[in-house]
K.L.:
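Got a structure here, written out as structure tokens. Questions coming.
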Amino acid sequence: MNLMYNSTRNATLRVTASQAILKGLADDGGLFVPETIPQLEASLEELAGMSYQETAYAVMKQFLTDYTEEELKDCISRAYDEKFDTREIAPLHEAGGAYYLELFHGATIAFKDMALSILPHLMTTAARKNQEQHEIVILTATSGDTGKAALAGFADVPGTRIIVFYPKNGVSPVQEKQMVTQKGANTCVIGIHGNFDDAQTGVKKLFSDRELALELAEKGFCFSSANSINIGRLVPQIVYYVYAYGRLLDKKVIAAGEPMNVVVPTGNFGNILAAFYAKQMGLPIGKLICASNENKVLYDFFRTGTYDRNREFVLTSSPSMDILISSNLERLIYHAAGKDAEKNAGLMRELTETGHYQVKDEMRDAMRDFSGGYATEEQTFAEIRRVYSECGYVLDTHTAVASSVYHTSYAQACGDVPAVIASTASPYKFARSVMAAIDGAADEKDDFALIEDLHRIAGTQIPRAIEEIRTAPVLHDTVIEKDEMKAAVRRFLISEGGTEK
């Protein structure tokens, strides 16, 4: 029996996994969700001896049931290979009584690689399975990391093109350099004057633009997404929480059946939602701790039941979390509403029209697995300094938010239950902020000098992704107003035949 997927805004819509991956977003603007959460077939004891690739197959075969064993294993082997700088793929590092799940060993040194290394293979396989004749156009908004990871995954993949929008002046210098130097005849990177929410809202509008869809279909194109709104992004993220549990078993930190807590620095909510799905599969997860930076819309939501984006947008040192509209929260809202698509659609409509919505007590009770916390910029920098001083281990700014929230608000209450903290980016990606936290002298040096300093104090190798951009030429220099996104897409795909840089 195939596991089917519904839209969060129309439960009568049913598609297969490959169809959901191919479309990315439902026509009604909803997100695809599995009709049921499958149970993990592998025993907890078996997880201890599994490689990352074996764990990936054990998890993903439960969700992507219309892929054959051969297709799925081929996608996995192509994704999790020498692009990662460690055979473990996602090592678990103990420091100061917590376990940091290092999700930054892929090609672009951020956790987005964990899913975006496999998504192009899942998508091109889905296109073949569904006899899709159109060229797939990946349309993506990024707060910093998704963009480069998606570009790296889809660059020069036959039958695809990719357009990435990012907030100009809203990402780190290294994040921007990684994107604007991207090679590939099928790639397009565009900065917008605005923030990530503006970029994300603009992309969603393009997906729902019927006139544009018809025009592009006539030219042989169809849209899909590489954002975490695509279920093909979310399912691979479940894998690393299952793998982390296996590593704790293997290290004899826990026995089979004993819980672990999970702490996730959270912006668009996909990463922590994947942990929720892992728990629903039967993985013994206790607390799901949602860590926010000063854009603490999620912290306020779990504390009050009111989601309110009508607030000041703060640019922080953890830019991938600078988000006020957390798209993946819609999937949790749908589950909490008892899979009532009409109720969910009403709440999302209220968010669009007024900027806020309130959930009732029974829905809050359905989300009781989640709790939140937030770290200020001061606390984030202090946590980087503390962990380095006490353990010699260097955190990036996003991981430091999660580490600060855990050690400040939860560590004592959690007792002997081990905490797995999602370490979502390499500190080399945010060297200026990291070095400012550690030695306070970052303003006096350029970014690559700071990277050398970080290399010296951390005692770790400078990632290949950093070395590659030192002298790479800028290939994409387009910057537009946020209301010009549609025109830019048409220009890239139609007017200039995919050559805009």
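Position 1 is the first residue of the sequence; numbering continues from there.
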K.L.:
Can Ser327 and Lys204 be counted as having a side-chain donor-acceptor contact under 3.5 angstrom?
P.N.:
yes
K.L.:
Is the count of non-hydrogen atoms from other residues, nucleotides or ligands lying under 6.0 Å from Arg303 atom CZ greater than 12?
P.N.:
yes
K.L.:
Looking at His398 versus Phe111, is the centre-to-centre ring distance below 6.0 Å?
P.N.:
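No - the distance between ring centres of His398 and Phe111 does not fall below the 6.0 Å cut-off.
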K.L.:
Return the CD1 to CG distance between Ile231 and Leu25, rounded to the nearest 0.5 Å.
P.N.:
12.0 Å
K.L.:
Give a yes-or-no answer on whether the side chains of Ser225 and Asn230 include a donor-acceptor pair shorter than 3.5 Å.
P.N.:
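Per modelled atom types, Ser225 and Asn230 side chains form no pair under 3.5 Å.
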K.L.:
When the aromatic ring centroids of Tyr334 and Phe32 are compared, is their separation below 6.0 Å?
P.N.:
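Centroid distance Tyr334-Phe32: not below 6.0 Å, so no.
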K.L.:
Should Arg9 and Glu342 count as an ion pair when the cut-off is N to O under 4.0 Å?
P.N.:
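No, no charged N to carboxylate O under 4.0 Å.
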K.L.:
Any chance you could lay out the salt bridge (Lys or Arg N to Asp or Glu O under 4.0 Å) test for Asp369 and Lys279, step after step, and finish with the verdict?
P.N.:
CA-CA 10 Å; Asp369 288 341; Lys279 181 170 183 173; 3.3 Å; yes
K.L.:
Would you please say whether a donor-acceptor pair under 3.5 Å links the side chains of Glu46 and Ser43?
P.N.:
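Present: a donor and an acceptor within the cut-off.
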K.L.:
After noting the C-alpha distance and the side-chain angles of Ser320 and Gln175, does the key distance pass the side-chain contact (heavy atoms from CB on, under 4.5 Å) rule?
P.N.:
CA-CA 10 Å; Ser320 295; Gln175 286 175 314; 3.4 Å; yes
K.L.:
Tyr277 and His335: aromatic ring centres closer than 6.0 Å?
P.N.:
yes
K.L.:
Please determine, by modelled atom types, if Tyr245 and Asp250 share a side-chain donor-acceptor pair under 3.5 angstrom.
P.N.:
no
K.L.:
Between the side chains of Arg14 and Glu35, is the shortest nitrogen-to-carboxylate-oxygen separation below 4.0 Å, so that they form an ion pair?
P.N.:
yes
K.L.:
Return yes if some donor-acceptor pair links the side-chain N/O of Gln182 with the main-chain N/O of Met179 below 3.5 Å, else return no.
P.N.:
no
K.L.:
Can you confirm whether more than 12 heavy atoms, excluding those of Tyr52, are under 6.0 Å from its OH atom?
P.N.:
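Atom OH in Tyr52 is crowded, with more than 12 foreign heavy atoms closer than 6.0 Å.
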K.L.:
Once the angle between the rings of Tyr100 and Tyr393 is folded into 0 to 90°, is it parallel (under 30°), tilted (30 to 60°) or perpendicular (over 60°)?
P.N.:
tilted
K.L.:
Taking NZ, NE, NH1 and NH2 as the nitrogens, is one of them in Lys129 or Glu71 under 4.0 Å from a carboxylate oxygen of the other?
P.N.:
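Salt bridge present between Lys129 and Glu71.
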K.L.:
More than 12 heavy atoms of other residues, nucleotides or ligands under 6.0 Å from NZ of Lys287: yes or no?
P.N.:
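No, because the 6.0 Å sphere around NZ of Lys287 holds 12 heavy atoms or fewer from other groups.
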